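First the structure, in the form of structure tokens, and then the observations on it.
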Amino acid sequence: MDAPDTRALHEAVLAWYDVHARDLPWRGTSATPWSVMVSELMLQQTPVARVLPVHAAWLERWPTPASLAADTTGEAVRMWGRLGYPRRALRLHAAATAIVERHDGEVPAAYDDLIALPGVGDYTAAAIASFAFGRRHVVLDTNVRRVLARVVSGTEFPAQAVTRAERDVATALLPDDPATAATWAVATMELGALVCTARQPACDACPVAGLCVWRGTGYPAYDGPPRRGQAWAGTDRQCRGRIMALAREADSVGAAQVEATWPDAEQRERCLAALVTDGLLTQITPGRWALPG
DNA sequence: CAGGCGTGGCG
DNA sequence: TCGCCAAGCCT
């Protein structure tokens with residue numbers, strides 16, 4: 001089966017998005033670049049439903065990069081709540097500081113300026129430039145990668161890391177007009193999020209089912225290397241999470257409270273020290289810790 | 001560059 | 001139930 005016709009693909013996906021796009025607060029003309037940037041950091045590895053309330057509260061409290069930069073990292077971590085990966089809160093705070101220092105408090109529009117900010121990698125830089133400023137960039141997130149793997153390449157899942165071939169496919173498919181390219185980017189992401197999902201793709205509802213190589217070749221099973229899972233029980237990540245949950249809920253925590261969170265003393269102390277090193281906690285007195293003030 | 005880094009919902 | 005998954009980044 002041949003790769004789908006680019007024009008037919010564009011028309012089908014864009015028409016579908018026009019009807020089915022979710023009305024998310026960081027989309028649309030009223031969303032500021034800062035709102036888009038905050039959403040992108042929060043959405044890294046985190047479902048939309050969990051981001052929505054935190055994003056709203058965050059922008060209410062810190063409507064500009066300067067307002068966040070003027071507050072403490074500890075307050076940023078506290079507001080981050082249970083979104084997970086709390087170092088993202090530190091990076092967002094650091095990015096806000098850099099934006100004030102280097103860009104006069106305005107979120108930059110250029111990819112090169114964006115990717116130089118803490119917590120902003122290739123995907124996030126392309127996403128902000130595209131969604132907030134209408135620029136033309138290849139936006140390769142897990143959704144887009146899965147959609148292109150199936151529709152164009154005929155495989156159920158993409159490789160572990162982005163390959164050159166994969167980027168070439170995405171580049172070739174990117175519409176020439178910047179505004180259309182930006183819509184294409186968000187539309188392919190949305191298609192992956194709502195229809196072409198990882199576990200149970202809703203091909204009946206898919207606008208490009210008739211063009212899809214994976215479907216057209218009978219849904220060949222994934223035959224690549226085993227996909228990386230995430231260990232959890234007993235790991236440092238779980239231990240760190242327990243300690244951070246305590247710290248978010250109180251002004252400060254004592255050694256006895258920390259002890260009660262985790263039985264293995266050596267691991268507990270190691271994680272506590274690492275959290276301090278990471279800047280997520282500070283030792284305020286001997287045997288007492290708090291979010292950094 | 002493979003592995004570490006949170007959290008919770010869902011099939 | 002429990003493994004898989006959710007708009008990655010950093011080292």
Side-chain angles (χ1 to χ4, degrees), chain A residues 17 21-22 24-27 31 35-55 77 80-92 94-95 114-132 137-148 156-164 170 182 185-194 196-202 222 225-248 261-262 267 270-271 274-275 277-280:
Chain A
Y17 182 73
R22 288 169 292 180
L24 300 173
W26 45 85
R27 287 182 182 162
S35 172
V36 172
M37 179 170 176
V38 170
S39 80
E40 289 302 337
L41 270 287
M42 289 183 173
L43 286 163
Q44 291 168 2
Q45 302 282 282
T46 309
V48 167
R50 204 176 311 161
V51 166
L52 284 168
V54 184
H55 179 267
V77 171
W80 198 256
R82 306 189 68 81
L83 282 184
Y85 294 140
R87 289 187 294 188
R88 291 183 294 166
L90 296 180
R91 293 176 185 147
L92 185 51
L114 287 164
I115 203 171
L117 298 172
V120 178
D122 170 70
Y123 160 74
T124 303
I128 296 170
S130 184
F131 306 154
H137 288 281
V138 170
V139 179
L140 267 187
D141 81 319
T142 187
N143 289 306
V144 175
R145 294 186 64 211
R146 189 175 54 250
V147 168
L148 296 186
E156 184 177 13
F157 296 114
Q160 300 248 149
V162 177
T163 64
R164 175 58 191 271
V186 72
T188 47
M189 283 178 66
E190 192 79 333
L191 187 62
L194 299 182
C196 193
T197 56
R199 296 189 196 176
Q200 280 206 299
Y222 176 74
R227 301 158 76 218
R228 169 168 59 120
Q230 298 179 342
W232 175 245
T235 61
D236 284 6
R237 302 167 70 187
Q238 185 183 28
C239 181
R240 289 165 58 105
R242 294 253 182 96
I243 298 172
M244 288 306 296
L246 266 188
R248 281 194 305 268
T261 62
W262 200 260
Q267 185 177 21
R270 180 176 71 241
C271 289
L275 289 170
T277 298
D278 288 347
L280 286 165

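Everything numeric here is computed off the predicted structure, so don't read it as measured data. Residue numbering restarts at 1 for every chain, and letters A, B, ... go by the order of the sequence lines.
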Problem set entry | Rounded interatomic separation in angstrom, taking CZ from A/R82 and P from B/dG9 | 10 Å
For this session: Would you state whether a donor and an acceptor, one from the side chain of A/R199 and one from the base of B/dG11, lie under 3.5 Å apart?
Result: no
For this session: Identify whether any heavy atom of A/T124 sits under 4.0 Å from a base atom; if not, whether one sits that close to sugar-phosphate; answer base, sugar-phosphate or nothing.
Result: sugar-phosphate
Problem set entry | Distance-only donor-acceptor test (3.5 Å): side chain A/R50, base B/dT7 | yes
Exercise. Can any side-chain N or O of A/R145 pair as donor or acceptor with the backbone N or O of A/A159 at less than 3.5 Å?
Worked result: yes
Problem set entry | Heavy-atom closest pair, residues A/W262 and A/Q267 | NE1-OE1, 2.8 Å
For this session: Please report, rounded to the nearest Å, how far the C1' atom of B/dC5 is from the CD atom of A/Q44.
Result: 12 Å
For this session: Counting heavy atoms from C-beta on, name the nucleotide in B/dC10, C/dA7, B/dG6 closest to the side chain of A/W232.
Result: B/dG6
Exercise. Does A/R146 make a side-chain N or O approach to OP1 or OP2 of C/dA6 shorter than 4.0 Å?
Worked result: yes
Problem set entry | Toward the 5' end of DNA chain B, by each residue's nearest nucleotide, A/R87 or A/A161 | A/A161
For this session: Determine the contact category for A/R22: base if any of its heavy atoms lies under 4.0 Å from a base atom, sugar-phosphate if only primed atoms, P, OP1 or OP2 are that close, otherwise nothing.
Result: base
Exercise. Distance check: side-chain N/O of A/R227 vs OP1/OP2 of C/dC5, anything under 4.0 Å?
Worked result: yes
For this session: Would you mind classifying the nucleic acid contact of A/G229 as base, sugar-phosphate or nothing, using non-hydrogen atoms under 4.0 angstrom?
Result: nothing
Problem set entry | Presence of A/Q45 side-chain N/O under 4.0 Å of C/dA6 phosphate oxygens OP1/OP2 | no
For this session: Using atom CD of A/Q238 as one end and atom C1' of B/dG6 as the other, report the distance to the nearest whole Å.
Result: 10 Å
Exercise. So is A/R227 actually on top of A/F157's ring, under 6.0 Å and inside 45° of the axis?
Worked result: yes
Seminar exercise, completed: On DNA chain C, more 5' by nearest nucleotide between A/F157 and A/G121 is A/F157
Exercise. Atom CD of A/Q230 and atom P of C/dG3: how far apart are they, to the nearest Å?
Worked result: 13 Å
Seminar exercise, completed: Closest non-hydrogen atoms of A/R22 and A/R27, given as atom of the first, atom of the second and distance, are O-NH1, 3.0 Å
Problem set entry | N or O in side chain of A/R240 less than 4.0 angstrom from B/dG6 OP1/OP2 | yes
For this session: Considering only atom P, compute the distance from B/dG3 to C/dA7 and round it to an integer number of Å.
Result: 23 Å
Exercise. Which part of the nucleic acid, if any, lies within contact of A/L24, taking any heavy atom under 4.0 Å across all strands shown: a base, the sugar-phosphate backbone alone, or nothing?
Worked result: base
Seminar exercise, completed: d(A/Q44 CD, A/R91 CZ) to nearest 0.5 Å is 8.0 Å
Exercise. Counting any heavy atom closer than 4.0 Å, what does A/L83 reach on the DNA or RNA strands: base, sugar-phosphate only, or nothing?
Worked result: base
For this session: Kindly point out which of C/dA7, C/dC10, B/dC5 is positioned nearest to the side chain of A/R91?
Result: C/dC10
For this session: Round to the nearest Å and state the distance from A/R242 atom CZ to B/dG6 atom P.
Result: 14 Å
For this session: Would you mind classifying the nucleic acid contact of A/V144 as base, sugar-phosphate or nothing, using non-hydrogen atoms under 4.0 angstrom?
Result: nothing
Exercise. To the side chain of A/N143, which of C/dA6, C/dA7, B/dG11 is closest?
Worked result: C/dA7
Seminar exercise, completed: Answer for the Watson-Crick or wobble partner of B/dG6, both distances under 3.5 Å, is none
Exercise. Tell me: CG of A/L92 to C1' of B/dG6, nearest whole Å?
Worked result: 17 Å
Problem set entry | Minimal non-hydrogen separation, A/A185 against A/V139, with atom names | CB-CG2, 3.7 Å
Exercise. Closer to the 5' end of DNA chain C via nearest nucleotide, is it A/V48 or A/P118?
Worked result: A/V48
Exercise. With a non-hydrogen cut-off below 4.0 angstrom, is A/W26 in contact with a base, only sugar-phosphate, or nothing?
Worked result: base
For this session: For A/Y85 and A/R237, test the side chains for any donor-to-acceptor distance below 3.5 angstrom and give the result as yes or no.
Result: yes
Problem set entry | Integer-rounded Å distance: B/dG4 C1' and A/L280 CG | 14 Å
For this session: Establish, with yes or no, whether the OP1 or OP2 oxygen of B/dG6 is under 4.0 angstrom from a side-chain nitrogen or oxygen of A/T46.
Result: no
Exercise. Which part of the nucleic acid does A/R248 contact within heavy-atom distance under 4.0 Å: base, sugar-phosphate only, or nothing?
Worked result: sugar-phosphate
Problem set entry | Sugar-phosphate only, base, or nothing, as touched by A/A127 at under 4.0 Å among non-hydrogen atoms | nothing
Problem set entry | Length of the line joining A/Y85:OH and C/dA7:P, which is rounded to integer Å | 13 Å
Exercise. Which is true for A/D236 with a 4.0 Å heavy-atom rule: it touches a base, it touches only sugar-phosphate, or it touches nothing?
Worked result: sugar-phosphate
Exercise. Do any N or O atoms from the side chain of A/H55 and from the backbone of A/S35 form a donor-acceptor pair under 3.5 angstrom?
Worked result: yes
Problem set entry | Span that lies between the P atom of C/dC9 and that of B/dG8, in whole angstrom | 23 Å
For this session: Kindly point out which of C/dA6, C/dA7, B/dG6 is positioned nearest to the side chain of A/A198?
Result: C/dA6
